[in-house]
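What follows is one structure encoded as C-alpha cells, with my remarks underneath.
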Amino acid sequence: MTLHATIDRVTDRIRERSIHSRSAYLAKIARAAEEGPRRAHLSCGNQAHAYAAMPDKQDLATTRKPNIGIVTAYNDMLSAHQPYERYPDLIRRAAHAAGATAQVAGGVPAMCDGVTQGRPGMELSLFSRDVIALASGVALSHDTFDAALYLGVCDKIVPGLIIAAGTFGHIPAVFVPAGPMPSGLPNDEKSKVRQQFATGEIDREALMAAEMASYHAPGTCTFYGTANTNQMLMEFMGLHLPGSSFVNPNTPLREALTSAAVTRAAAITRLGNDYLPAGEVLDERAFVNGIVGLMATGGSTNLVLHLPAMARAAGVILDLEDFHDLSETVPLMARVYPNGLADVNHFHAAGGLGFMIGQLLEAGLLHEDVRTIAGGGLGAYASEPKLKDGRIEWAEDARETLNDKILRPAGHPFAATGGLKQLSGNLGRGVIKVSAVAPERHVIEGRARVFADQEEVKAAFKRGEFTEDVVVVVRFQGPRANGMPELHSLTPTLAVLQDRGLRVALVTDGRMSGASGKVPAAIHISPEAADGGPLARLRDGDVVRLDAVQGTLTCLAEGFEERAPAKHDPAHSAEGLGRELFAAFRRHVGPATEGAAVVV
C-alpha cells in the first residue's frame with residue numbers, strides 16, 4: 001500500500017527540521033562504532049575487574065564472544081517490575097546458549113506513580129526519567145558491552161531508557177517487557193467505587209477492597225495508561241520482539257520470548273554480520289510510527305511529553321504540530337479503559353498489536369521500511385508468537401478482529417481521528433485528548449476558578465463551592481514550578497461535578513496522564529505559569545473558552561494580556577521527600593513543548 005500523504009509529509013517535515021541534529025548524531029555514533037568492540041580498548045587490568053565475578057570470565061578474556069549488558073529497572077514494589085527479579089539468571093542462560101555472555105550492567109530507579117499520585121513524591125516523577133537516563137549512562141560507561149538489554153515497563157522508565165539507548169546509539173538495544181497482570185476487578189467498576197468514595201457514599205474500607213481487587217498480582221496495571229502505552233510504543237518502533245508486549249508474566253511464552261530477545265541481542269552486535277546499532281532504529285520514521293500507534297490506540301498523553309525528549313536523544317526534533325497532524329489522519333481503532341470498558345488483556349485477546357499493525361500497514365499509515373530488532377521491516381510485527389515444542393514461532397496474526405467492541409479495522413474504526421488536539425491561544429500552547437470525551441463537551445466555556453494546588457480544588461469541592469459550569473485552572477504545576485506532577489487524583493472529583501450536570505473543564509500546566517478519562521482537560525500548557533506564562537495572569541471569574549474543535553484555548557477577559565502575572569512561591573516544593581535534591585533540575589528543565597527534559 002502507498003504511504004499516506006500526511007504520513008509522508010509529516011515525516012519529511014521532521015526530517016527537514018532535524019537535518020543538522022540528526023546528521024551530527026549519526027556521525028557521532030559512527031565514530032564510536034568505527035573503534036570496534038569496546039573491550040578491545042581496555043587494559044588487562046580493566047578487563048579483569050570487569051569479569052572477576054563471572055563464571056565464564058576466561059571466555060570473555062580470550063575470545064570474541066558478545067557480552068550483553070543488562071540495564072534493569074527491577075524492584076519488587078512495582079508490580080510491573082517485580083517479574084524482572086528472575087530475568088538476569090534467565091538471560092545469562094540464554095546468552096550462554098547463544099554463544100554469548102551477559103552481565104547486569106546496572107540498575108536504574110523505578111518509582112510508581114500509582115503510589116505517589118496526589119503526594120509530594122509525585123513531584124519527582126517526571127525528573128526520574130532523566131535520572132534513569134543518567135543511571136543508564138553510568139551503567140554503560142564501563143564500555144564492556146556489545147549490546148544492551150533494557151528491562152523496564154512503567155511511566156518514566158521506558159522513556160528514560162530510550163534516552164540512554166539513543167545516547168549510546170552505537171550499541172544495539174533490545175527492550176524486554178514483563179507483561180500485564182491478569183485481569184482483576186473491571187476498571188469501570190473500580191472507577192465507580194472511587195467516585196462513590198469521593199461523594200461519601202462508601203467508606204475507606206470498601207474503597208481499599210476495590211483497589212486491592214484491581215491491583216492484585218505481578219505485572220503491569222491492566223488499564224491503558226502510560227505503562228502499557230510504553231509497551232505498545234516499543235513494538236511499533238521495532239524495539240520489542242513482535243507480539244511480546246502483552247504476554248502475561250511468569251508464563252512459558254513469556255520466558256521463551258525473553259530468551260529469544262537475548263538470542264537476538266547476541267546476533268546484532270558488531271561482532272557478527274547483522275550489526276544493528278540502536279541509533280539506526282531510532283530514526284524519524286520510527287518515531288512517526290510510534291506516534292501513529294499512540295493515536296490508533298488512544299494512548300497516554302504523557303507520551304506527548306516524553307516522545308520529544310526521547311527523539312532528541314537520537315537527533316530527531318518533534319513538535320506538537322506533528323502529533324496534531326498525525327492524530328487528524330490516524331483512526332482510533334481500540335477502546336481500552338479509560339477509553340472503553342476492556343483492559344489490555346482483552347485487547348490482546350481480540351487481536352492486539354499484531355492485528356493493528358497489519359491494518360495500519362495496509363492503510364498506508366505506517367512506515368514498513370524501517371529497521372527493527374526482529375530484522376526486516378515493520379511487516380514482521382503483524383504476527384503473533386506461538387510456543388511450539390519449547391520454541392517460538394511467529395504466525396501471521398488474525399486478519400479480522402476477534403471482538404469489534406474492543407478492536408476494529410482501520411477502515412471501520414471507533415473514530416476517524418486519534419483524538420489528540422493541539423491547543424493554542426492567549427493562554428499558551430498545549431494539548432487535549434478527546435477520544436474518551438463526549439462530543440458535546442469538546443467546547444467548554446465558563447468562569448475560571450484558579451488554584452495553585454490540586455488539594456485546593458478538592459477542598460473547594462468538599463466545601464460545596466462548585467455549583468455552576470466551571471473551568472478549573474490548576475497552575476504552577478509545570479516542570480520549573482514543581483516537577484510537573486500528574487493531577488490524576490482530580491479525576492474522581494471533576495467526574496462527579498460532570499455527572500451532576502455541570503459543564504466542567506480542567507486547564508493546567510501540569511500533567512493528567514492516560515487515565516484522564518471523560519473530563520475535557522487542556523494540559524501541558526506552555527509557557528508554564530512559573531516562567532511567567534499566561535496562566536499566571538488568570539483570575540477567578542475570568543471567562544475561559546476551551547475549544548477542542550477549533551484547537552483554541554482563550555481567556556475572554558478584557559485587558560487580560562496587560563495584567564502583571566501572579567508570582568510563584570517555590571517554597572511549597574522546595575524540600576521534603578527528596579525534593580531539595582532536585583532544585584537544579586527545576587532550574588534547568590526545558591519547556592513541556594520540547595519534552596520538559598534536563599539531559600537532552
Side-chain angles (χ1 to χ4, degrees), residues 79-80 113-114 153-155 158 177 179-192 194 214-215 219-236 240 243-248 290-304 327 330-360 381 384 397-398 400-410 412-420 433-438 488 491 495 512-519 521:
S79 63
D113 288 4
V153 175
C154 287
D155 296 39
V158 168
M181 67 177 68
S183 301
L185 182 73
N187 285 296
D188 59 322
E189 292 185 28
K190 174 191 68 179
S191 180
K192 180 180 179 181
R194 287 177 174 177
S214 299
Y215 308 114
T220 317
C221 307
T222 60
F223 68 89
Y224 196 53
T226 309
N228 286 316
T229 303
N230 283 339
Q231 301 311 290
M232 172 280 301
L233 195 72
M234 293 301 91
E235 201 149 328
F236 268 76
H240 277 177
S244 62
S245 295
F246 299 133
V247 175
N248 298 124
I291 297 172
V292 169
L294 180 67
M295 302 310 165
T297 59
S300 170
T301 54
N302 275 330
L303 271 299
V304 182
S327 179
V330 176
L332 178 66
M333 297 169 60
R335 285 288 191 199
V336 189
Y337 188 86
N339 295 336
L341 298 181
D343 66 24
V344 293
N345 292 310
H346 305 137
F347 167 76
H348 185 64
L353 298 179
F355 171 81
M356 182 173 281
I357 289 172
Q359 286 285 309
L360 290 167
Y381 288 75
E384 181 181 6
D397 214 334
E400 296 182 1
T401 176
L402 300 180
N403 189 333
D404 66 2
K405 295 180 180 178
I406 300 171
L407 182 62
R408 290 185 179 175
H412 182 57
F414 291 100
T417 70
L420 190 86
K433 179 182 175 184
V434 296
S435 53
V437 177
H488 180 42
T491 299
M512 199 64 178
S513 92
S516 54
K518 300 178 181 179
V519 177

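The first residue of the sequence shown is numbered 1, and numbering continues consecutively from there.
- Rounding to the nearest 0.5 Å places CG of N230 at 5.5 Å from CG of L303.
- The shortest distance between side-chain heavy atoms of L360 and V292 falls below 4.5 Å.
- Within the 4.5 Å cutoff, side-chain heavy atoms of V247 are placed close to those of H348.
- The shortest side-chain heavy-atom distance between T229 and L294 falls under the 4.5 Å cut-off.
- Separating the CG atom in L353 from the CD atom in E384 is a distance of 11.0 Å, to the nearest 0.5 Å.
- A donor-acceptor distance shorter than 3.5 angstrom exists from the side chain of S327 to the backbone of G419, with no hydrogens or angles considered.
- A pairwise comparison of heavy atoms in F355 and E400 identifies CE1-C, 3.5 Å as the closest pair.
- Environment of CG in L185: crowded, with over 12 heavy atoms of neighbouring residues, nucleotides or ligands closer than 6.0 Å.
- Atom NZ of K192 is surrounded by 12 or fewer heavy atoms from other residues, nucleotides or ligands within 6.0 Å.
- Side-chain contact between K433 and N339 is present, with at least one heavy-atom pair separated by less than 4.5 Å.
- Side chain of T401 to backbone of L407: a donor-acceptor contact under 3.5 angstrom is found.
- Using modelled atom types and a 3.5 Å distance limit, the side chains of Y224 and T297 yield a donor-acceptor pair.
- Listed here is the closest heavy atom pair of V437 and K518: CG2-O, 3.8 Å.
- With hydrogens and angles disregarded, a donor-acceptor distance shorter than 3.5 Å links the side chain of S245 to the backbone of Q231.
- Of the possible donor and acceptor atoms, none in the side chain of D343 sits under 3.5 Å from a partner among the backbone N and O of Y337.
- Under the 3.5 Å distance criterion, the side-chain polar atoms of Y381 are matched with a main-chain donor or acceptor of H240.
- With sequence neighbours excluded, the residues forming a side chain to side chain contact (heavy atoms under 4.5 Å, CB included) with A80 are V153, C154, T220, listed by chain and number.
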